[in-house]
Each structure stands twice: as C-alpha cells, then as structure tokens.
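Note sheet for the following structure.
All values reported here derive from a predicted model rather than from experimental measurement.
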Amino acid sequence: MQLRFRRALCALLALLLLASSPALALGFIFGDGTDAPAASSIEDDGMLRVYLKSLGDPASLGMTLAGSYTVEGDRGFRFDRDTAIVLAADGESVLLSVGGLTIDMGPSMTLTRQAVTDGGENGIYIHESEKDALFEGDLHVSVEDGGLRCILTIHIEDYLKGVVAYEMSDSFPLEALKAQAVAARTYAMGRKWVSAARDYDVVDTTQDQVYKGLDADYTNVIAAVEATRGVVGTYNGGFAMCYYTASNGGQTALATDIWGGEGDYGYLAMVDDPYDLENPASLVNSVSFAGDVSDNAALKAMLDEGIAALDLPYADVALESVVSIEPAEPKFEGSYMYTKLRFTLSVSAMLEGWYAQEGDAYAPLFTDSSDFSPEMLASATGLALARRGRLGLPYVYRHGREVLPETVTVDLSVYDQIKDGLSLGLNGGDYELISVTQEEDGRFTISMRRFGHGVGMSQRGAQWMAGEYGMSYIEILNFYYPGMTLETIDWPEVALTALEELPESIGFARARPTPTPTPAPLPALEEGEYYASVVLETRSSSLNVREQPSTSARIVAALDYGRRVIVCEDAGDGWVRIRTAELQGYVKLEYLQAE
C-alpha cells in the first residue's frame, strides 16, 4: 500500500498512505542493484516515540540514570550520573523515590536527557526490562489503569541499534545486517508518518519491531546501522510498507495473499528463493515413514479413514502401501502453499465368492461356493458362466485377503490434518509450504517450511546471500523488493542541552530534591536480628526493596552498594525481611553480606 509523506508539523503536506499489518518490515531497490542511495527531499527530525509495551503495566520500575538527566529540563531538578531512582504508580500519581525521599510527581513526568561532557553513556537502565541495555532518550512516564506507561523519545538511529540485534543477530554477515537496518528504519518511518493521532509511533514488541535498548557489545549491528545512516526505501512517492520474515521456506509470498485486502505492492513479487532453501539454519519440520505407513500411527489412521470414506464395494478394505504422494490444490496461483496432499494407495480387501480373473472387471458374479452342478448350468446364471468360460474369461473362486489391482486416491488437508495431526507446523497461521520426497528404499518424507509469513525479505535468505555468495545489502534488497528506490534522509544532529545552559528553573519540576541524605543510624538489634551490607556486582548498581518477598511485588525503595541494613527474619525462597531507620521490606539474601 502506498504511504504518502507529510511533514510532522505541516498539515498542508499531509499525503499519507495506509500502513497495514504489524510486524517486521521493509525493503526497497533500485536500478541494477549497485546504485548508491539518492539524497532525499524528505525532511524529518529523526526522533521516534517508542511505547515500551514490553514492560507491561508495572506498579513500579527501578532505574539507573547513566548520564545527565533532569525532570522536564528543570536545572533545579537534576540527577548525578548513576543515580538510582524508583518510579511507582500510586492512584493517579507517579511517585519518584530517590535517596530515601519520595515525591508525588502528579499524573505524569518526563526524565529529560541533557548533554554530557565526560564522553560516557547517556541513557537509562530500566531494571525490569528484558535485557540490561541502555535506553538512550527522554522517558515520559504516566499512570494508566493503575500501572506505569512509558514512552521513550529516541533518535531513530539509536533506536535501530536496539532493534537490528533482535530482529537478526550480531553474528550475521555485515551486509545482511545492513539490509535489516534499512528495512527496520523504513518500517519505523512509515509508522511515524501515520501516528500523529496518538502519543507514540511504534511499540517495542513484534506488534511493530522488537526493541530492547543498546548493547554496546553488538558491534556488528552498530556498524551496520551507522553505515546505512538515513537510508530508507520508497515506492511511488511514499515509504515502502513491506515486510520481512525469518524464513520464507524457498518462495516469497505476496502481501495480498497472506493478509487479503488490496494495496499497491508493485515492489513485491512471488519468486523462488534458493538462498533461503540452501541455508541449513532455515527451519524445517519433517516426518519420514515407511511405504506401508506401519511406523506412523497418526498418518495411517488418517489414511484408513480416507479409504473407508471411499465406500469401495469390497469387505474390510485395508491400506497396503503408499504408491505416491503429490501436493495439490495450491492456495494461491503459483504458490507452494498447497492445501491438499494427494496419496495414491495400494489397498487390499477380503474376497469371498466367484470373481472374474485378473484383467477382467473385478465384479463378483455370485457368492455360492459350491461347484458347478447340472442344476446351475440349467439356470440363466450357469449359462452365463459357461458362456464366459467359452470366451476364455472363466470366473474363479476367491477366498481371503488379496491386493486389489486398482489403486485408490485419498486427499488429506495440509493445514488441518497434516500440519496439526503430524505436528509439523511452524506458525500459528497457515503460512507453511509443503513438499514430499521419496527415497530409493520406498520411504517417504513430508516436510514443512516457512517460519513467519513469508512476505518480503527472508532473514535466513539474506544471511546466506551475504555469507555464502558475498552479495551486498543492495543486491539482497533488490532480490526481495524489485521496483523500489533508495533515498537517504539527512537527519539533523540531536541537540541536547548542557545542564549549565539551562535556566535556573523553568517551572516544570514539582519539587527539588536535596543531595542524597546520609542514612540515619541503624537502630539496636532485636533478638534474632543481625547487621548486613548490600554487596552487588558493581558499585553503580542498586538493590530493590520489595513490599512482599516476590519479584512481582511493588518496589518500595532501592539501596545503594554498601548500604547497611538489619536482617530481621528468613522469608523463604532466598528472601529475607530487612529494615533500616527509614524503611522495611524484602530483599534477596544473596545480595547481602553479614557483618
């Protein structure tokens, strides 16, 4: 579908294209696959609003401010590097706890990133996030449905460093990572330019693209993002709203086939993908079985049921062997998404009576097992039998199980019977491709491929193209997205204000915390108690104190490295109840060292 550009601040240029399905996206291409991206006329500030939906709706969040931060740019409400804070939802208010002080911040607050002069990190570590990674941006926190709702405003290039590493892997070839960076950048821009009606552009889950923050150890990902800075894909005057998938199973899919509807997807094509198919890392589920299916009870039961449904004119018809298997009835024209597997089968039946000899029609004449008698020959039946004998087509008496001379055909549903019945599925949706091979020993193998929807770029295909064939990111994208154009947006530099350049107070902060107070002396020990100190992996870390002995319980405070506490009692499962002069709660015993 076509997305027309509009300037974020200029409604007169509002040319928008419908952005369709959530997911993994993008691509472009141009010329012979070797042209450099052209300079773009698109103007954008490069900032992206990311809803940190993966956090859920937490009652509280512990954070370390690894840089220079204020509350909404208020110079009087600033934090030193490595300050530990806790944000909690309390009714309709956000509570900010720092250094033993708790402040009611009202229904929302923003941690604003300021410039740093020491060249170090400048972001936030959110302790409840999936990875110990850096979130480089401003963090707006509000209360919604009793929990905290977090929106991170971050430059798109910094955002990509926390996306590409989780949509691919830092171990992938650099050119594949570059292709992924362009794909993710274009997808994010496409979402941004249709998001004016809400307070975020993308979410940090597979609903859009997975974002987990910056991990500086992912050096290949960082290099790929920086090498493609500003490069996006366009088509018919708008951002390409295309898709990427983990593995397409050997054939790309069309967006309209997978999701239906209509749209201008002229940059996509359904083509065979040998690169995905060659990659041994592309997922495949297979089942192998003998020709008589004796070693696969589930499949044999389905075939037996199919044979019974044929209602053949014989008694006790049974499967003898599979003669051949052919995929049939593709879901879409030209697609390998077949809906049926057609089994040609050899079967046997219990025969009891007089039957024509092999080569004649297999129709019984009568079932009397007695020998021919004069009385029988005098009858019409007897005369007919004699007539056939004179023609050289005598009937013979058959008794017992025999293989029928004709084969029978049974169709099984690929997505209902084969996928589910044989546990071959790779996706929740019915996207898989199916294939069948037969070995010289007569065994058959049914295989299902395609992990994901199959539309656009295959990540496993891109990996193989770059790693085994030395293809560039442009060639990769040209293969998966023929007909698209590369452009380079010239982002403005991220402008952060140094603390000393801020006005003394701009009136946004609700309160001004004093420097971290010295903890009050610990009270005397009661019976069974003892003193201990907080010992963590790093001195910049903090220990969360919980309201109950559980990691899902509300955080009531955060204790710095070396903070002395009183251990009151064992709470089970490695938890202990502790207290100080100011607070009490529960912590993990492993982070305490008895004095």
Side-chain angles (χ1 to χ4, degrees), residues 7-10 37 39-52 63-75 78-79 81-82 109-126 133-141 150-165 181-182 184-193 195-196 199-202 204 208-209 211-216 218-219 221-232 239 487-503 506 508:
R7 305 291 170 83
L9 301 178
C10 184
S40 177
S41 61
I42 303 168
E43 294 181 8
D44 187 87
D45 63 3
M47 302 307 293
L48 196 69
R49 300 167 301 166
V50 184
Y51 173 22
L52 303 183
M63 304 178 187
T64 298
L65 305 180
S68 181
Y69 275 85
T70 63
V71 172
E72 293 163 17
D74 191 332
R75 182 175 178 178
R78 62 183 184 270
F79 302 94
R81 177 182 289 279
D82 296 329
M109 61 169 288
T110 301
L111 292 167
T112 305
R113 191 169 63 142
Q114 312 297 155
V116 295
T117 58
D118 59 7
E121 294 179 326
N122 198 10
I124 300 173
Y125 287 97
I126 302 176
L134 188 67
F135 292 78
E136 301 175 286
D138 298 347
L139 186 66
H140 180 76
V141 182
C150 299
I151 307 292
L152 179 72
T153 300
I154 183 173
H155 194 276
I156 191 169
E157 300 298 330
D158 294 330
Y159 161 79
L160 291 173
K161 295 170 186 176
V163 169
V164 175
V182 176
R185 184 182 294 110
T186 305
Y187 179 83
M189 286 301 299
R191 299 302 293 165
K192 175 180 179 177
W193 285 56
S195 63
D199 64 350
Y200 68 91
D201 301 313
V202 294
D204 66 340
D208 281 312
Q209 298 179 129
Y211 167 76
K212 297 184 180 181
L214 171 68
D215 187 333
Y218 293 151
T219 55
V221 165
I222 294 170
V225 171
E226 292 177 347
T228 61
R229 181 180 177 86
V231 178
V232 295
F239 289 113
E487 298 183 20
T488 302
I489 301 175
D490 186 15
W491 314 117
E493 292 296 325
V494 179
L496 297 180
T497 305
L499 284 171
E500 58 272 16
E501 297 175 3
L502 293 172
I506 57 177
F508 288 120

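From R75, atom CZ reaches atom CD of E500 across 7.0 Å, with rounding to the nearest 0.5 Å. A distance of 6.0 Å separates CG of L65 from CG of L111, quoted to the nearest 0.5 Å. From R49, atom CZ reaches atom CG of L152 across 12.0 Å, with rounding to the nearest 0.5 Å. D204 contributes atom CG, which lies 8.5 Å from atom OH of Y159 (distance to the nearest 0.5 angstrom). In this structure, T64 OG1 and E121 CD are separated by 10.5 Å, a value rounded to the nearest 0.5 Å. Considering CZ of R185 and CG of L160, their distance stands at 5.0 Å, rounded to 0.5 Å.
Checked against the 6.0 Å centroid criterion, the rings of Y211 and Y51 do not qualify as a close aromatic pair.
Proximity of K192 to F239: side-chain heavy atoms (C-beta onward) are nowhere separated by under 4.5 Å. In this structure, Y69 and N122 have side chains that are in contact, with non-hydrogen atoms separated by less than 4.5 Å. A 4.5 Å side-chain heavy-atom check between H155 and E136 finds every atom pair outside the cut-off. For the pair I222 and L214, the minimum side-chain heavy-atom distance is below 4.5 Å.
Scored by the side-chain hydrogen bond (donor to acceptor under 3.5 Å, both in side chains) test, R81 finds D118 as partners (sequence neighbours excluded). Listed by chain and number, the residues in a side-chain hydrogen bond (donor to acceptor under 3.5 Å, both in side chains) with T112 amount to none (sequence neighbours excluded). Under the salt bridge (Lys or Arg N to Asp or Glu O under 4.0 Å) criterion, D490 pairs with no residue at all, not counting sequence neighbours.
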| request: Just do the side chain to side chain contact (heavy atoms under 4.5 Å, CB included) check on I126 and L52 with the steps written out, would you? | output: CA-CA 11 Å; I126 302 176; L52 303 183; 3.9 Å; yes
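The two residues T186 and V232 come nearest to each other via the heavy atoms OG1-CA, 3.3 Å. Listed here is the closest heavy atom pair of K161 and V221: O-CG1, 3.9 Å. Contact between G213 and A133 at its shortest, heavy atoms only, is C-CB, 3.7 Å. For the residue pair A224 and A181, the shortest heavy atom distance occurs at O-CB, 4.2 Å. Closest non-hydrogen pair, T110 versus H140, comes out as OG1-ND1, 2.8 Å. Of all the heavy atoms in V163 and A184, the pair that sits closest is CG1-CB, 4.1 Å.
Between R113 and D138 there is no salt bridge, since no side-chain nitrogen of the basic residue lies less than 4.0 Å from a carboxylate oxygen of the acidic one.
A side-chain donor-acceptor contact under 3.5 Å links Q114 to the backbone of T497.
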